[in-house]
Amino acid sequence: MARFRPLHDRVLVKRVEAEEKTPGGIIIPDTAKEKPVEGEVLAVGPGRRDDSGNIQPLDVKVGDRILFAKWSGTEVLIDGLDRLIMKESDVLGVIEGHAASRSRRTA
């Protein structure tokens with residue numbers, strides 16, 4: 001398995017797939033689905049350098065559930081899996097409380 005380490009202020013993201021059924025139970029065909037704009041951060045770079053050369057760490061971290069713009073990032077295949085590489089500035093925000101609820105379920 002290849003390991004990928006983003007550089008600078010870039011983030012590796014796995015899209016979170018949309019629901020395949022509506023709340024009413026109607027199945028949504030693949031052709032009608034939009035690409036999800038929600039994802040999970042898989043890896044982050046060390047940060048970008050400011051004007052004085054100091055590294056400014058990223059606000060997002062591995063495991064964060066994020067929202068991003070519809071056309072953000074560059075789609076890549078890593079180990080045969082679709083992933084996105086984007087700059088941290090493409091991230092619109094972090095969905096708070098997701099990691100905490102996930103870790104409680106696995107505990």
Side-chain angles (χ1 to χ4, degrees):
M1 177 173 166
R3 289 188 39 92
F4 180 82
R5 181 177 52 92
L7 299 177
H8 310 293
D9 63 339
R10 289 188 171 69
V11 180
L12 179 67
V13 177
K14 172 179 77 172
R15 287 187 193 268
V16 175
E17 292 303 319
E19 290 293 321
E20 297 196 10
K21 286 185 182 180
T22 66
I26 298 171
I27 296 175
I28 303 169
D30 287 340
T31 54
K33 290 182 193 171
E34 288 192 19
K35 288 186 176 182
V37 293
E38 186 175 328
E40 180 181 347
V41 176
L42 299 177
V44 298
R48 65 175 183 80
R49 293 196 182 269
D50 62 16
D51 293 336
S52 59
N54 298 319
I55 292 180
Q56 300 298 311
L58 277 60
D59 288 328
V60 297
K61 60 186 179 307
V62 173
D64 279 350
R65 187 60 91 50
I66 60 168
L67 294 178
F68 49 89
K70 189 175 193 175
W71 304 109
S72 294
T74 301
E75 294 183 0
V76 295
L77 277 177
I78 298 178
D79 288 334
L81 301 171
D82 288 324
R83 299 292 184 244
L84 282 171
I85 300 170
M86 65 181 68
K87 287 190 166 207
E88 186 186 38
S89 59
D90 290 337
V91 176
L92 302 174
V94 176
I95 300 172
E96 298 288 341
H98 174 74
S101 64
R102 185 178 60 208
S103 63
R104 270 189 246 129
R105 277 186 276 156
T106 58

Atom pair CG/CD1 of Leu92 and Ile95 - distance to nearest 0.5 Å | 10.5 Å

Partners passing side chain to side chain contact (heavy atoms under 4.5 Å, CB included) against Val44 (at least two apart in sequence or in another chain) = Val11, Val41, Leu58, Val60

Partner set under side chain to side chain contact (heavy atoms under 4.5 Å, CB included) for Arg10, not counting sequence neighbours | Pro6, His8, Ile85, Lys87

With hydrophobic residues grouped by side-chain heavy-atom distances under 4.5 Å, do Phe4 and Val76 end up in a single group?
-> yes

Within a strict 4.5 Å, meaning less than it, do heavy atoms of the Leu77 and Asp82 side chains meet?
-> yes

What do the steps show when you test Leu12 against Ile78 for side chain to side chain contact (heavy atoms under 4.5 Å, CB included), and what is the final call?
-> CA-CA 10 Å; Leu12 179 67; Ile78 298 178; 3.8 Å; yes

Shortest non-hydrogen contact from [X] to [Y]?
X: Pro46; Y: Leu7; result: CD-C, 4.3 Å
X: Met86; Y: Gly73; result: CB-CA, 3.7 Å
X: Gly39; Y: Phe68; result: N-CE2, 3.7 Å
X: Arg65; Y: Val16; result: NE-CG2, 3.2 Å

Sorted by chain and residue number, the side-chain hydrogen bond (donor to acceptor under 3.5 Å, both in side chains) partners of Ser52 (sequence neighbours excluded) come out as Asp50, Asn54

Matching residue for Arg15 among Glu75, Glu38, Glu40 - test: side-chain hydrogen bond (donor to acceptor under 3.5 Å, both in side chains) = Glu75

